[in-house]
Amino acid sequence: MGRFPSTPSRPCDVYQELKKRLEAHLRGVLQAKYDLQPDTIAMETPPDLRMGELATPIAFELARKLRKAPKIIAQEIVAALGHLDGFASFEVAGAGYINARLDRAAGARMAAGGEAGAAAGVASGLHSLVEHTSINPNKAAHIGHLRNAILGDTFVRLLRASGQKVDVQNYIDNTGVQVADVVVGFLHLEGKSAADVRALLEELKSKGARIDYYCWDLYARTSSWYEQGIEEDKAARKRLRYATLHEIEHGGNETAEIAELISTAVLRRHLETMLRLGIEYDFLPRESEILHLKFWEAAFDQLKKTGVLYFENEGKNKGCWVMSRATNPVQNQAGPEDDAKVIVRSNGTVTYVGKDIAYHLWKFGLLGRDFGYKPFFTYPNHECWISTENGEEPHPHFGGAQAIYNVIDSRQSDPQANVIQALRGMGHVEQADRYTHFSYEMVALTPRCAVELGYDVSEEDLSRPYIEVSGRKGFGVKADDLIDKLIAATRAEVDARQTSRDEAERQRIAEQIAIGALRYFMLKYTRNSVIAFDFKDALSFEGETGPYIQYAVVRARNIFRKGNTTPEAVLAEFAKLADEAVRGYLTGEAAEDIWTLWLRAGRRTLVLEQCIATSEPAHLARHGFQLAQEFNNFYHKHHILTEEDPARKTFLLATAAVALRELVTVLGWLGIESPEAM
RNA sequence: GCGCCCGUAGCUCAGCUGGAUAGAGCGACUGACUACGAAUCAGUAGGUCGGGAGUUCGAAUCUCUCCGGGCGCACCA
């Protein structure tokens, strides 16, 4: 069963519809013939199109129960299936498979009208909240953050395409040690006051320089400064670090003012960087408000009341409020539970997980408190709000979602599990079930790439398959650097090809291609595979890449431009063709590749649902590539505009129209634009 | 010590709820631009799916075990 309530009578694409139809028909037969009602009927696609389009191995499963050979059962079922709308025939294959052949004309008609189903989208009524990006606002974004934001943004697009209402949040830890570290850098390494920092921000702005890049270096310098000198120095610097952190958390002093200036300026840069990729946010909740609006106090009451937290009187956690681990749920008897997770320290302060529990109660509307809101960043079509203590009225409402997705790398799975465990323990079982840690593996650098970038790489690291990026060490590829590099590369290609277009147009196309390449690169890997980053792979525009798919779109569009017609007009003509004609064009050895393309075009919603059910956008990326590949193959084999038979020409044009529509839709869901030319 | 992830072609990766002959891209080698633009297409070579056992009519997929690699397991944030 799916995670969410099923949506009855939802429009389906060809595959979904026919699969459902066949399944229902099979159930009828099994009921009438054997008085059986199996829970599920497995449906699959045969290895070769010549065997049919749908298949079921149901006869194998029934063999034992019915004490008959699978082949005999399959024959009996096939005999009983008779005729079914949308299907041409059923037959037994192999040792007992039941294969179904579609009525290709009917299938093509359904695929041609496919936009009705998908465009309607059908509101599932679910209100989801996706949190992604969440970069500490103390340095520039790097490639690891790009993977996070692209995965998150794409998933948002998929949820919206399926009809969900989605709020996009970017959590900002503006009062953590990481921000404290750059503040230490400004105060003690550079000797700057709040006024100096303000002047620096102005100066950088006037020069068009990036404050996040400035902080990238300062952060790395400060981190290494902590490690330098004699032990006494180190201890003193560590004390300074935590004193700074506490001043920032407390607020209302010059240190906090610098932290606010820097974190806000860096945050703006992050939003600008992500906007280059078409990534936008609705709300930016900040840790400073979670602290100052006392979210924790409200959560603490609930945690104590429900018994999730208990006070430890002995053992190593004596004097703390602790929670049992998710992996170790019950251990109430006999002695202190030293393995428990500390939520409130013996000095009375709350840990990160504690604050996170409070924040997640808010996300589900269970906290009984809310942020103040003020506008922060204006997008062409909407406003992005940020948390504040005393908000402005009126403001939109955030939080109170039914389902949440946290796009956070897999290293955080432990703390995420703790939060889910707390929710469950508090009795919020439904919410815990709809809490998804959308985890993914890191982006690392290949040793070769690290050397190429001029970093000192140890012997040990050189022998590894990849090296983890580190903001603290200043080791990694900055997001904007990569985007700039990609645009420069695509611009060179576009300049060589599009000699008649003007500067602005060429730049626009180059950006679309560069972003397409980047987004596709980050999406083509499944979430739990580590990406060992290399410029050679990321800067590739051939083969399984975003530009490959975009190029297929451009080719399809060119057909209609040169043919002086439109996809809409063509599909209207196609509707008038006789079924016999369409069936003829889609049948036979030479037509298999065309039929393959139509079939692929007819499974978009199926892939969408699979992506959502598994939280895996990579499936859609692959679907887009395969669609483009099959279209390119079709494009080469069949020259459309010189086709002499007018009916066949209409059919070929309709094929291109459907492919074009699907490619553009899929690319849109991946957040990739379809250029007019390449 | 405990937990999670990974191991599939020379390289980088797919492989949907177990299903028929394990697929792409890159790289290598052959071919195809006077066609709707070759950022393309067609073809060839290349795999005991880390090893072993088990479950099953049927395993890359599920279970166990071993080997190899990565990441987590703080009163840090």
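Reminder, nothing fancy here: chain letters follow the sequence lines and each chain counts from 1.
- Using a 4.5 Å cut-off on side-chain heavy atoms (C-beta onward), A:E287 and A:I172 make no contact.
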| field | Paired and unpaired positions of RNA chain B as dot-bracket, Watson-Crick or G-U wobble under 3.5 Å, | denoting a partner strand | value | (((((((..((((.....[...)))).(((((.......))))).....(((((..]....))))))))))))....
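- A salt bridge links A:E673 and A:R508; the closest N-O separation between the charged side-chain nitrogens and carboxylate oxygens is under 4.0 Å.
- Rounded to a whole Å, the CD1 atom of A:I73 is 13 Å from the P atom of B:C57.
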Would you list the protein and nucleotides 75-77 of chain B atom pairs, both N or O, that sit under 3.5 Å from each other?
unit_1: B:C75; atom_1: O3'; unit_2: A:R345; atom_2: NE; d: 3.0
unit_1: B:C75; atom_1: O2; unit_2: A:S346; atom_2: N; d: 3.2
unit_1: B:C75; atom_1: O2; unit_2: A:S346; atom_2: OG; d: 3.2
unit_1: B:C75; atom_1: N3; unit_2: A:S346; atom_2: OG; d: 2.7
unit_1: B:C76; atom_1: OP1; unit_2: A:R345; atom_2: NE; d: 2.1
unit_1: B:C76; atom_1: OP1; unit_2: A:R345; atom_2: NH2; d: 2.1
unit_1: B:C76; atom_1: O2'; unit_2: A:Y242; atom_2: OH; d: 3.0
unit_1: B:A77; atom_1: OP2; unit_2: A:R345; atom_2: NH2; d: 2.2
unit_1: B:A77; atom_1: O2'; unit_2: A:V177; atom_2: N; d: 3.4

| field | Base versus backbone protein contacts along nucleotides 22-30 of chain B [heavy-atom cut-off under 4.0 Å; B, S, -] | value | --SSS----
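- By the 5.5 angstrom centroid cut-off and the 30-degree plane limit, A:H636 is classified as not stacked against the base of B:A42.
- Regarding contacts with the backbone of B:C57, every side-chain N or O of A:K71 stays at 4.0 angstrom or more from both OP1 and OP2.
- A:H437 comes within 4.0 angstrom of nothing in the nucleic acid, heavy atoms only.
- Taking the C1' atom of each, B:G31 and B:A45 are spaced 15 Å apart, rounded to whole Å.
- Using a cut-off of 4.0 Å between Lys/Arg side-chain N and Asp/Glu carboxylate O, A:E441 and A:R527 are scored as not salt-bridged.
- A:Y548 does not qualify as a stacking partner of the B:A39 base, lacking a centre-to-centre distance under 5.5 Å together with planes within 30°.
- For A:Y466, there are no ring pair (Phe, Tyr, Trp, His ring centres under 6.0 Å) partners, not counting sequence neighbours.
- In summary, A:K19 and A:E23 do not engage in a salt bridge, as defined by a charged side-chain N under 4.0 Å from a carboxylate O.
- The existence of a salt bridge linking A:K536 and A:D534 is excluded, since no basic side-chain nitrogen approaches an acidic carboxylate oxygen closer than 4.0 Å.
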| note | Nucleotide by nucleotide, nucleotides 6-11 of chain B touches protein heavy atoms under 4.0 Å in the pattern (B base, S sugar-phosphate only, - none) S-----
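- The separation of B:G27 from B:U65, taken at their P atoms, amounts to 43 Å, rounded to a whole angstrom.
- A:E544 pairs by the salt bridge (Lys or Arg N to Asp or Glu O under 4.0 Å) definition with A:R622, not counting sequence neighbours.
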